[in-house]
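See structure below.
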Amino acid sequence: MPKTLEGQITMEKTPSYFVTREAPARISAMSRDTKLIVVVRDPVTRAISDYTQTLSKKPDIPSFESLTFKNRTTGLIDTSWSAIQIGIYAKHLDNWLQYFPMEQILFVSGERLISDPAGELGRVQDFLGLKRIITDKHFYFNQTKGFPCLKKAEGSSKPHCLGKTKGRTHPNIDPEVVQRLRDFYRPFNMKFYQMTGHNFGWD
Ligand SMILES: Nc1ncnc2c1ncn2[C@@H]1O[C@H](COP(=O)(O)OS(=O)(=O)O)[C@@H](OP(=O)(O)O)[C@H]1O
């Protein structure tokens, strides 16, 4: 990490840190004051999104339904499949809480980032002790993309949406499998709401 001067904030973005066992100890050893921001979304949608991304690179992989189960007949979920494992947020958070207090971690709702991007970024700015510079007036809803986009990209006067790899159409998944996954995640989600003091409304 580069040295941070007075009045500067250094940011680093690596999604996999949240689920990497060694990351909290290493980051804490570097700086105990580090603030951590994690974007979380409904773990079932997250798993399907994860699968959709892999499918776009390797079209020959087995179906989502077959990867979900260790044994489809008994309904035993394959928790070693990373698409499933990553969504057990309470377990990963437990690991971080061994090194960082809850006050240093902000969980951003992926759902609200879409429905109210300025509101969610308001929380981020407050958490970082920044003035609320980014507000509603910076966004518009792009009907073609189906997502909020920036009215002007940084250093440009043109609107800017996220790229093609963000906001892909998900495949249809057998509703029974989706329900089984909802049942699987419910207790972990409840624990996560308790730990964060925030109901993300996934159930
Ligand atoms: N404004 C806006 N525009 C487009 N997409 C948006 C936006 N806000 C949030 N999202 C959601 O971001 C999801 C992809 O982000 P990821 O961090 O998973 O992408 S990546 O894994 O780093 O490629 C992506 O997930 P999918 O819909 O599953 O593709 C989007 O739902």
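In listed order, ligands and their atoms are each counted from 1. Computed from a predicted model, the values in this text were never measured in an experiment.
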Please report which non-hydrogen protein atom sits nearest to atom 27 (O) of ligand 1, along with the residue it belongs to and the distance in Å to one decimal place. Gly167 CA, 3.4 Å
Is the Tyr51 ring parallel, tilted or perpendicular to the Trp81 ring (thresholds 30°, 60°)? perpendicular
Is a salt bridge present between Arg182 and Asp203, judged by a nitrogen-to-oxygen distance below 4.0 Å? no
Is atom 22 (O) of ligand 1 close to the protein, meaning a heavy atom under 4.0 Å from it? yes
Can you tell me which residue and heavy atom of the protein come closest to atom 25 (O) of ligand 1, and the distance to 0.1 Å? Arg41 NH1, 3.0 Å
By number and element, which atoms of ligand 1 are closer than 4.0 Å to a non-hydrogen atom of Ser49? 25 (O), 26 (P), 28 (O)
Examine Lys145 against ligand 1 and note whether any of their N/O atoms are separated by less than 3.5 Å. no
If we only count N/O pairs under 3.5 Å, is Lys13 in contact with ligand 1? no
Please report whether atom 1 (N) of ligand 1 has a protein non-hydrogen atom at a separation of less than 4.0 Å. yes
Short list, please: which atoms of ligand 1 are under 4.0 Å from a heavy atom of Gln53? 20 (S), 21 (O), 23 (O)
Quick one: which ligand 1 atoms are inside 4.0 Å of a heavy atom on His170? 26 (P), 27 (O), 28 (O)
Do NZ/NE/NH1/NH2 and the carboxylate oxygens of Asp42 and Arg46 come within less than 4.0 Å? no
Which residue holds the protein heavy atom closest to atom 15 (O) of ligand 1, what is that atom called, and what is the gap in Å? Lys166 CD, 3.6 Å
Could you give me the CA-CA distance, side-chain angles and deciding distance for Phe141 and Phe147, then say whether ring pair (Phe, Tyr, Trp, His ring centres under 6.0 Å) is met? CA-CA 6 Å; Phe141 189 83; Phe147 284 92; 7.7 Å; no
Flag for Ser66-Ser63: side-chain donor and acceptor within less than 3.5 Å: yes
Of all protein heavy atoms, the one nearest atom 7 (C) of ligand 1 is Phe147 CD2, 3.6 Å
Plane angle bin for Phe18 and Trp96 - parallel if under 30°, tilted between 30 and 60°, otherwise perpendicular: parallel
Going by atom types alone, do Gln98 and Asp94 pair a side-chain donor with an acceptor below 3.5 Å? no
Salt-bridge contact Asp136-Lys151 (side-chain N to carboxylate O under 4.0 Å): no
Lys35 charged N/C atom sitting above Phe127 aromatic ring, 6.0 Å / 45°: yes
Please determine if Pro148 has a nitrogen or oxygen closer than 3.5 Å to a nitrogen or oxygen of ligand 1. yes
Under a 4.0 angstrom heavy-atom cut-off, which atoms of ligand 1 come close to Ile114? 8 (N), 9 (C), 31 (O)
